[in-house]
Novice: 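A single structure is presented below for examination.
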Amino acid sequence: MPRPYSSGLMMRDPSEPVATGRNRRLAHLLGIEGLDRGTITELLTSSDRFVDCNRSEDKKLGTLRGRTLINLFFENSTRTRTSFELAGKRLGADVINMSVGSSSIKKGETLIDTAMTLNAMHPDVLVVRHASSGSVHLLAEKVNCSVINAGDGTHEHPTQALLDALTIRRNLERGLEGLVVAICGDIAHSRVARSNIHLLAIMGARVRVVAPPTLVPAGLDRLGIEIYHDMTRGLAGADIVMMLRLQTERMSAGLVPSLREYYRFYGLTYEKLEYAKPNALIMHPGPMNRGVEIDSEVADDIDRSVIRQQVEMGVAVRMACLTALAGSG
Amino acid sequence: MTARTLYRNARLLDPSRHLDVQGNLLVLDGRIVDAGAHVFVDAVQDDARVVDCTGLCLAPGLIDMRVTSGEPGNDHLETLATLSHAAAAGGVTTVVCLPNTAPVIDDVALLHFIERRAADTALVSILSYAAATRGTEGVQMSEIGLLHTAGAQGFTDGARTIGNARVMRQLLGYATAFGAMVIQHAELPDLVGDGVMNEGETATRLGLAGIPAEAEVMMVERDLRLVAMTGGRYHVSRVSTGATLDAISGAKAAGLPVTCDTAPPYFALAEDAVHDYRTFSKLSPPLRSDADRRAVLAGIADGTIDAIVSDHCPRDQDSKRLPFDQAAHGAVGLETLLVITLEAVHNGSLDMLPALSCLTCTPARILGLETGTLAPGSPADLVIFDADSAGRVDAAKFHSKCKNSPFDGRPVQGRVVKTIRGGCLIYDALDGGVRHARTRRDA
């Protein structure tokens, strides 16, 4: 009964008849690790089409008409949940939001019981966010519908990496191959960083990580990346600067002495940005801590910052993922 | 009435006397009369029962220095009776229970309770450690003298580290008055933090908080200084890293009264067993790197590691079917202790007698027991096993109430055929499994 997990993206049994020309359809999207370049490219190309749709007046498609999508969020989120909700609704699916505040998990129900309960209602897609790494895998093993990981602990956040890749691809004609990408900030506690590191590596980009030693997880160098503790050196010649949010809990855990010290050495300012390529793009998964990891003016620089575009791409990417998982055609 | 039993034509394995010969073993009234190629009894004339052991190995019953019982307090996980059934099925005739039950065994009355319950319900010898500190809180020393006199085999806070250096110093020092042993779960608590698996690439990929391997050796190094100060008898349980073994080996060379053990997961598995968030592989200390795994094997081979324990830790589904960071740690191990150790023998990592020594005579010596040997006059605690038969670990068939084994489904070579305690057959794989009535003489 339990399905073997070998990659971030489970495939349905190839023997199952599928209506499309493709012989396999995605079963779950649990992570970027284990995906291949072809699948990622396909998802990005599909996302491009949804960007155009989202910009048109009539945004409603019927691709997922009759399907049910449940947003199951055990952690607070506004933007990701809204993005999935919009994506589902624009594709014509019925969307239900369940968040932790109203969930029975607070009453002692286990994750698996919650999953089984929802499963009994025959949803087609479950979008899950949870504070524990691996929890979405556990849930995916127990339900019959497709599962999308909307962030599990410090493990992965695959749709964020896909929307980042889409944003880059649409801004730089040359694509991702050979790009120098500097991911800066709290790598140790970031699922966004992990998904991006995997995706960029698969797509042939050169990934650098810029962070204080206390925020670099052990063994990260084994993932085929370069690690810098000096931000100016890490940004030198970079095409893309991806900033990560610094949670204030890191201060109380003693990983960083103070916000002002962090900003001085690892906050993105125009002075540090000088070292990157002249047209380097600035990205941030949000929500931003202005004046902590990024200078307010830099964040709002309309020539350099693509932070709002990322949000826009998020809806398109999620529409592409939902279509790949639950679409009939 | 005298009852003689002759175990005929067995491969006799007695690490206490470096004996590995084909021969016979004679038991009279629950004790071993003699063992060797020269032993012979005329079955008809002497009215002895004969048990044919052709093709099988016969060794002292295994002594397991570290098991967790659910009784008292968590009988749904394991009772002393089911614990003893699992032990018997694993060829284990003596177990020593940790004190971290509910309530914690930190009082003489509780120690007596275990003793009585075991005598009434258990098939194997059940011995107990007592809590080193009251409630295993790590603050105030428990009644070491009274508990020692009442039969506590040693003092430990179970799966909790005795982290306070002053408390450890006092324990080690005070225990010398009674010759009592202090057993440490060596993990520096500050470095463990909220870690749930070995720190490194695998943890980073899985997004799980890591526990550095250094947390173990740093705790042991501190304790070794205290052992040198106090002369206290010190035992490190479940060594999982090569660095710790270097420290212990140095301490032994310096003549300190130090011993240690490990458990099969630490020499048969590495951290990659956690892949896919497999909570059955969540252990404490965590599974380490492959280099550390090999170092532990080398430590058994060179004698730095004195004993192999099952670290049997029953956990139910509810505490394991959770996200990895929330799941309980621990694995059942009594029924895989021998076969996983034999795996290391079959693959050439260990020789048979040194491996069995860690399961029999060395733990007996550490605990001061008269078992763990086939020497004449010893109690007839025996295991008869087939070293070669191929099979798979099947947790569903375990006698333990809990099935949380990281080895489930693993191909193994070897199985326990019969277990005998004090001359009584308590387990027979070919005939009905566990013997619930202890009165029956050997068949």
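Lettering follows sequence order; numbering is per chain, from 1. Values reported hereafter were calculated over all heavy atoms of this structure, with side chains retained and with hydrogens, waters and symmetry mates removed. As the structure is a computational prediction, the values presented were derived from the model and not from experiment.
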Novice: Check whether more than 12 heavy atoms from other residues, nucleotides or ligands sit under 6.0 Å from atom CZ of Arg37(A), and answer yes or no.
Specialist: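 Atom CZ in Arg37(A) is packed in, count exceeds 12.
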
Novice: Under 4.5 Å from any heavy atom of chain B, what part of His189(A) do you find: side chain, backbone, both or neither?
Specialist: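 For His189(A), neither part sits under 4.5 Å from chain B.
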
Novice: Distance from His130(A) atom NE2 to Gln326(B) atom CD, nearest 0.5 Å?
Specialist: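 So the NE2 of His130(A) and the CD of Gln326(B) are separated by 5.5 Å.
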
Novice: So, do Gln317(B) and Ile112(A) sit near enough that their side-chain heavy atoms are less than 4.5 Å apart?
Specialist: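 When only atoms from C-beta onward are counted, Ile112(A) and Gln317(B) do not touch, as no gap falls below 4.5 Å.
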
Novice: Side-chain donor-acceptor contacts of residues 201-219 of chain A below 3.5 Å, not counting sequence neighbours, with atom names and distances?
Specialist:
{"unit_1": "Arg206(A)", "atom_1": "NH2", "unit_2": "Glu226(A)", "atom_2": "OE2", "d": "3.4"}
{"unit_1": "Arg208(A)", "atom_1": "NH1", "unit_2": "Gly234(A)", "atom_2": "O", "d": "2.7"}
{"unit_1": "Arg208(A)", "atom_1": "NH1", "unit_2": "Ala236(A)", "atom_2": "O", "d": "2.7"}
{"unit_1": "Arg208(A)", "atom_1": "NH2", "unit_2": "Ala236(A)", "atom_2": "O", "d": "3.3"}
{"unit_1": "Thr214(A)", "atom_1": "OG1", "unit_2": "Leu255(A)", "atom_2": "O", "d": "2.6"}

Novice: Heavy atom to heavy atom, less than 4.5 Å: which residues from residues 204-215 of chain B reach chain A?
Specialist: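 Near chain A, by residue number: Thr204(B), Arg205(B), Leu206(B), Gly207(B), Leu208(B).
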
Novice: Does atom CZ of Arg278(B) have more than 12 heavy-atom neighbours from other groups under 6.0 Å away?
Specialist: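 Yes.
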
Novice: Side chains of Ser133(A) and Asp325(B): does their closest heavy-atom pair fall under 4.5 Å?
Specialist: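 Side chain of Ser133(A) against side chain of Asp325(B), heavy atoms only: no contact under 4.5 Å found.
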
Novice: Measure the CG-CG distance between Leu322(B) and Leu111(A) for me, rounded to the nearest 0.5 Å.
Specialist: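 If I round to the nearest 0.5 Å, the distance is 8.0 Å.
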
Novice: Name all residues meeting the salt bridge (Lys or Arg N to Asp or Glu O under 4.0 Å) criterion together with Arg294(B); count only those two or more places apart in sequence or in a different chain, and write none if there are none.
Specialist: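 With neighbours one apart ignored, the set is Asp290(B).
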
Novice: May I ask you to decide if the ring planes of Tyr277(B) and His137(A) are parallel, tilted or perpendicular, using 30° and 60° as cut-offs?
Specialist: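 Tyr277(B) and His137(A): tilted rings.
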
Novice: With sequence neighbours excluded, tell me which residues meet salt bridge (Lys or Arg N to Asp or Glu O under 4.0 Å) with Arg194(A).
Specialist: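 With neighbours one apart ignored, the set is empty.
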
